Amino acid sequence: MTTELPAKYEPATLEPAVTSRWREHKAFAAFPDAREHRYVVMMPLPNVTGALHMGHAMDNVMQDLLIRWHRMRGDNTLWQAGTDHAGIATQAVVEKRLKEIEGKTRHDIGREALVERIWEWKEQSQKRIIAQQQGMGCSCDWDRTRFTMDAVCARAVRHTFFKMFRDGLIFRGNRLVNWDCALQTAVADDELYKETVQGKFHYLRYPLHERKPGEPEHVIVATTRPETMLGDTAVAIHPDPAMALRAAIEAQRHKVQGAADKERAVAEQELERLLQREQELLPHLIQIAALAKQGRKITLPLTGRTIPLITDEWADPALGTGCVKITPAHDPNDYQVWQRHRSIGAINVLNGNGTISAEGPYLGLDRFDARKQILRDLQAQNLVEKIEDRTIEIDHSDRSKTIVEPWLSKQWFVHMADVDGGITMGAGTPKQFRSKGLAQAALDAAAGALPALADGNARMQVRFHPDQDRYRKMYDQWLAEKRDWCISRQLWWGHRIPVWRGEMQKQHLLMLESVLQGQLRRDDVAAWIVLPDGSRLSVADALLALKREGAPATVEVQICFRDDTADATTGVVLQGAGLELDPDVLDTWFSSALWPHSTLGWPDPLSARVDPGQPSLGARGDNQSALDYWYPGSCLVTGRDIITLWVARMVITGLYNLGDVPFSDVFLHATILDGKGERMSKSKGNGIDPLDIIKRYGADALRYVVCELQTGTQDIRLPVQAISPFTKDGEPEQLIDLATAKPGPYLGTYIDPVTKQPFDLVGQYGKQGLAPAKAVSDRFAVGANFCNKLFNAARFAFLNLDGASFTERPLASLPLEDRWILSRLAAAHANVHGALSSYNPAAAIAAAREFFWGELCDWYLELVKPRFRDEAPAAERALAQQVLAAVLDQTLRILHPFVPFLTETLWQNLCDLAPVRGIDRELEGSALLVHARWPEHTATWISEEADSDLKCVQQWCAAIREARASYQVAPRTRIALRIQASGQTAKILLRGQALLAHMATAESIAISPTQERTRDSAAVVVGDGTAFLLGVVDLDKERDKLGKQQDKLRSQIASMAAKLGNEGFRAKAPPQVIAQQEATLQGLRQQLLAVEQGLRDLDH
RNA sequence: GGGCGAUUAGCUCAGUUGGUUAGAGCGCCUCCCUUACACGGAGGAUGUCGGGGGUUCGAGUCCCUCAUCGCCUACCA
């Protein structure tokens, strides 16, 4: 059943066949068993928003590389696949389509219908993503694929929320958030981007309330957002403007002194401005500060309100007008001021949709319309001092591309900072321990500072690769801030926040208590009572507190059940009592943070409701549950930007739920940039779809190059080209380099430099008549070349392997070239293994390539060719077959993690032709290469003698080839060689004579100490000997060449002799360095002698 | 403003703790369609290691400084 290998390498036909073979054999399925060694990778779950890009390709290939390597090493290997519901992103995409296609908003169709549509989108999207990953060769256990909103993950989310809520780590607070007025939800800092816009800086006059003679009429404040004045609750002035301004001036003076010439002018100008301010503005500011201290007020225009003039250090006399309006509900700094002056209060003047909510003439106006109207009204009252143009950087929502507003609203938070008395991590597990707080636990995990386990063993530490110091610093810096994590989103797509809450009269609370009496005592219900002042009490404490005099009449009740089934039963009772289930959903990262344990069935693998056809997560027979067996995992592979967003949060929840970190290692791979060094993005049209690369070059080529790109911490520039859409039929495809192509009329379009026509890389401008084009990168040709070479090398082997067999042979019985290739193979194996161990795929693949191409193909395959000729003795042929089969076997294994499709294909052919393989021992076989054992114990194949002997042959061969080329001897012309050599060199050359003759295309070769140059021969000095190429005459050229060599040797000898003659060097350099240099010098001197002899010979 | 990182051949990148004459792939030049491979073979050219200073017997590698370019982070009332 020999599988014929096609004549040409065609990844497009070969790869799908391998994919289906792997699928048929369920080759990647993982089950807990008795094996001690495990390797677990949790895939950074891609969004179901859209298709994968090159960043994902890098991420997936790196993971697959590690996974395949560990699987071959015999580890019980799990690669957990899945996708993320990506709340805001996915909802935004589906809403946008709804608007475009049907002209409807989410409110037109309602919550249920929208969520249904998003599920449909998710199904399609997930299918496409998995197809892409399978196309890349990802060897995930597809039967265990999870989704952050499926039943298994949802239960973990619910339980975690419940636990944190019960422990008081989740709370609802009135805070400023970034508000997306278009999507009407809070968005996280990482969902923002900054954009510089042309704005205006408005100077507004606020009249002084109850002004007395001699006092200023107005206090002037400046703002870029005049409409927020409706929400002003104070105007602030620095308590000691003179001192503050003086300090600023001194600081600026200092800066001027230290400034470089180029910056000095700017710094001096600034100093000048401050000094002028001190002269002109300061007296005024001092006066206002005095008024503030008297408790004077300001009349807030247009509203009829009076607001206090306060002193606060936030007001900087060096900036703006020196006085600042305070709008706590719409500005983060003002919010901070409010925290210091609680009595001023905060007024929210915006509705969630960005319209004005403040009672009065502006009610209902959009915030930008209100801005214009307010300015007009202020101008009518002569309250606008001046308006300046100004460029401002404004936060925009990445999802809706609209300006976000700081907005005071009630949101849910996870308390990250330390807690009085600390918290229990991994409560109820054998790994339970105490920590000061959630963020601190994650910091300790990376510092190796977690308390030891109960059995005395150290707890696992999280380490970063390939630069522990640098990446840990990023992790530490972010976590050290211990900022509360806003987890609520005002969306419909996501995990609903499982809290029943509502206002309640205190007498009703007593009733509620009796209604829930049975429930509240149980440990699957948690409840908090929040008093109007924001303080949070247990139900029991609240009942006591509310009995006191002056207790508030109403309170907020918050109740959370551990299991969602209770929402339908007890929830109804709560509803009757006026409570409602919170309408918000959780931040996507909340469920992502649980991924390493939610996917394994936490909190109870046995009862986890996996999808139909999926393996149970519970314990089976003697084997542990998926959770017990595979948690904690091994390595998380991701990009730098994810360290804070995700890695830290996974560590936190892992420690909190299970008392252990989710993984021991974090491998941060590079970011892929385009040819200009810019981040790839869909909208810029410089992004590459991995499937386009696979179609053009093959998945193995994609993988090969991606591995080659991952060198260390360096980000990667990947030049991007568009496939020209203007190529006529029959012409070869043209590539247009995007780094040099001029941009077209729209973002993501470019101009073809040949036809001068615009084309479209984002596929959005078909209506405008732009031709669509695909983006690729010719860098991937390198990978295709490699695969083609591998294919052909194997094909050559297969042509000669018919009838190959295995006989146990001692290594010493093998000829030089066989011993050498085995030795090189062993070295390559060690190098690849070492590079992979240190997370250096580029070094690994370079070592593999150097062996395969530079040694196996360039030398060994050529060296064995004579042994496969018809006239060669049968025994020689059989031995060559055996060695070649064994070498190919090991080579395919080593290359498999990098280029799995091709190696798997070739493996089948190899197994057909040479079912049993080995040299001094039989190699363990395997039906599929994906399950074959990674090479082991190859160290016994290393032979320093074979290495150096063959290296000697190679050196002579190279020198002879160089001479042939420089004398323009045709490659096929066989020449006669005389080699003058003695001692060890002669011995080696005599042994390798046949090899040398073959590789140097010599018809005859004579080696001895007494060989001499003939008049018609060229001489080549190699080490301490000389080769004469007979029949190659050109005395002038020869003289010239030897003369150049002589000059070079002399200069080298001079510099080295000088170095060795340097007393400092002799005294201070380590002895082995001195010895090495002396040996080199000795060698150079010998060469020089030979060259000089050659020059003398020419004259005879 | 603060922090981190980068700058090596035309291009994309290696270069371990300082130690021979700084490497690879692609591209380029010459020759070759030799019965595995032209997605190939043989040979070749190409570098003031961003600039300047310093430490050292010795610097691409360590220190200082300047320039340019990234990334993160804060602020701009």
Side-chain angles (χ1 to χ4, degrees), chain A residues 5 7-9 189 201 221-225 228 235-236 260 262 314-316 319-327 331-334 337 390-393 467 470 473-474 477-478 481 640-641 644 671 673 675 677-679 697 701 705 708-709 711-719 739 778-779 781-800 838 840 842-843 846 849-850 857-858 861-862 865 958 961-966 968-972 1001 1048 1051-1052 1055-1056 1059 1062-1070 1072-1074 1076-1077 1079-1081 1083-1084:
Chain A
L5 202 59
K8 276 200 174 274
Y9 169 59
D189 290 344
F201 203 42
V221 294
T223 179
T224 56
R225 298 182 296 158
T228 63
V235 168
K262 209 174 167 183
W314 162 244
D316 184 348
L319 290 176
T321 64
C323 297
V324 55
K325 63 196 267 306
I326 302 298
T327 322
D331 182 282
N333 294 301
D334 295 358
V337 174
R390 186 158 177 165
T391 56
I392 340 165
E393 281 208 327
D467 188 340
R470 179 173 163 195
K473 211 165 167 184
M474 287 174 68
Q477 276 173 359
W478 186 80
E481 288 188 37
R640 264 198 310 278
D641 46 335
T644 53
T671 309
L673 310 170
E678 290 173 12
R679 244 191 137 88
Y697 299 102
V705 172
E708 203 178 39
L709 293 175
T711 55
T713 55
Q714 179 72 17
D715 281 345
I716 299 148
R717 282 185 190 219
L718 187 67
D778 57 9
R779 275 296 300 273
V782 172
N785 294 353
F786 179 84
C787 293
N788 181 61
K789 187 76 176 174
L790 175 57
F791 176 88
N792 282 293
R795 195 160 156 266
F796 166 78
F798 298 152
L799 289 173
N800 291 293
S838 54
N840 192 340
R849 178 195 167 95
E850 175 51 27
C857 292
D858 288 350
L861 293 187
E862 295 303 325
K865 274 180 183 172
R961 281 172 170 181
E962 190 189 329
R964 290 178 57 119
S966 79
Q968 283 160 350
V969 179
R972 299 175 76 176
T1001 329
K1048 194 175 172 191
S1051 83
Q1052 280 175 20
S1055 83
M1056 196 154 285
K1059 188 176 195 176
N1062 185 326
E1063 271 178 43
F1065 177 72
R1066 290 216 163 265
K1068 293 182 185 173
Q1072 66 270 28
V1073 172
I1074 297 174
Q1076 184 191 34
Q1077 305 255 333
T1080 307
L1081 179 61
L1084 290 172

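When reading the values below, keep in mind they use all heavy atoms of this one structure, side chains included, and skip hydrogens, waters and symmetry mates. So you know, we letter chains A, B, ... as the sequences are listed, proteins then strands, and number each from 1. This structure is a prediction, so every number in the text was calculated from the model and none was measured.
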Exercise for the section: Can you sort out the partners of A:R717 under side-chain hydrogen bond (donor to acceptor under 3.5 Å, both in side chains), two or more places apart, ordered by chain and number? Expected result: none
Fill in the blank from the handout: In whole angstroms, the gap separating P of B:rG3 from NZ of A:K473 amounts to 10 Å
Handout entry: Backbone N/O of A:T327 and side chain of A:D331: donor-acceptor pair under 3.5 Å
Key = no
N/O contacts under 3.5 Å, protein versus nucleotides 47-50 of chain B?
none

Problem - Integer angstrom distance from the C1' of B:rA14 to that of B:rG25 - result: 10 Å
Fill in the blank from the handout: The salt bridge (Lys or Arg N to Asp or Glu O under 4.0 Å) partners of A:R470 (sequence neighbours excluded) come to none
Completion exercise
Hits for salt bridge (Lys or Arg N to Asp or Glu O under 4.0 Å) against A:D641, two or more places apart or cross-chain, chain-then-number order -> A:R679
Practice task
In whole angstrom, give the distance that lies between atom CH2 of A:W478 and atom C1' of B:rG3.
Solution key: 18 Å
Handout entry: Between B:rG44 (P) and A:R961 (CZ): distance, integer Å
Key = 11 Å
Fill in the blank from the handout: Here the helical stems involving RNA chain B, each at least 3 consecutive Watson-Crick or G-U pairs closer than 3.5 Å, sorted by first residue number, are B:1-7 with B:67-73, B:10-13 with B:23-26, B:28-32 with B:40-44, B:50-54 with B:62-66
Exercise for the section: Tell me, please, which residues at least two apart from A:R390 pass salt bridge (Lys or Arg N to Asp or Glu O under 4.0 Å). Expected result: none
Problem - Nearest-Å distance once atom C1' is located in both B:rU12 and B:rU7 - result: 14 Å
Completion exercise
Between A:P1070 and A:I716, the residue closer to the 5' end of RNA chain B by nearest nucleotide is A:I716
Practice task
With C1' as the reference atom in both, quote the distance from B:rG40 to B:rU34 in angstrom, rounded to an integer.
Solution key: 12 Å
Fill in the blank from the handout: The contact string for nucleotides 69-76 of chain B, one letter per nucleotide 5' to 3', using protein heavy atoms under 4.0 Å with B, S and - for base, sugar-phosphate only and none, comes out as -----SBB
Exercise for the section: Rounded to whole angstrom, note down the C1' distance from B:rU73 over to B:rG58. Expected result: 41 Å
Handout entry: C1' gap between B:rG27 and B:rC66, integer Å
Key = 34 Å
Exercise for the section: Taking the six-membered ring of A:F796 (Phe, Tyr or Trp), confirm whether the NZ or CZ of A:K865 is under 6.0 Å from its centre and within 45° of its axis. Expected result: yes
Handout entry: 4.5 Å side-chain heavy-atom contact, A:F201 and A:I392
Key = no
Practice task
Check every strand shown and say whether A:T223 touches a base, only sugar-phosphate, or nothing at a heavy-atom separation below 4.0 Å.
Solution key: sugar-phosphate
Fill in the blank from the handout: 5'-most contact on RNA chain B (nearest-nucleotide basis), A:Q714 vs A:D467, goes to A:D467
Practice task
Select one nucleotide: of B:rA42, B:rC4, B:rU21, the one nearest the side-chain heavy atoms of A:M1056.
Solution key: B:rU21
Completion exercise
For A:E962, the salt bridge (Lys or Arg N to Asp or Glu O under 4.0 Å) test, sequence neighbours excluded, returns none
Handout entry: A:Q1077 and A:F1065, any side-chain heavy atoms less than 4.5 Å apart
Key = yes
Practice task
Answer yes when A:D334 and A:K325 have at least one side-chain N-carboxylate O distance shorter than 4.0 Å, and no when they do not.
Solution key: no
Exercise for the section: Compare side-chain N and O positions of A:T711 against OP1 and OP2 of B:rA14 and report whether any pair is under 4.0 Å apart. Expected result: yes
Exercise for the section: Could you tell me whether A:E850 contacts a base, only the sugar-phosphate backbone, or nothing, with contacts defined as non-hydrogen atoms closer than 4.0 Å? Expected result: nothing
Handout entry: Separation between the C1' atoms of B:rA24 and B:rU68, rounded to whole Å
Key = 27 Å
Problem - Nearest-angstrom distance, C1' atom, B:rU46 to B:rC29 - result: 11 Å
Practice task
For A:D778, check side-chain hydrogen bond (donor to acceptor under 3.5 Å, both in side chains) against everything at least two apart and list the hits.
Solution key: A:Q721
Handout entry: Protein-to-nucleotide contact annotation, 5' to 3' order, nucleotides 25-39 of chain B [B base; S sugar-phosphate only; - none; under 4.0 Å, heavy atom]
Key = S------S-S-BB-B
Handout entry: Partner set under side-chain hydrogen bond (donor to acceptor under 3.5 Å, both in side chains) for A:R849, not counting sequence neighbours
Key = A:Y704
Handout entry: Residues in side-chain hydrogen bond (donor to acceptor under 3.5 Å, both in side chains) contact with A:K473, at least two apart in sequence or another chain
Key = none
Problem - Distance in Å, A:L673 CG paired with A:L718 CG, rounded so as to fall on 0.5 Å steps - result: 9.0 Å
Problem - Backbone of A:P719 reached by a side-chain donor or acceptor of A:R779 within 3.5 Å - result: no
Problem - Sugar-phosphate, base or nothing in reach of A:A1069, heavy atoms under 4.0 Å - result: base
Handout entry: Rounded distance in Å between the C1' positions of B:rU21 and B:rG47
Key = 14 Å
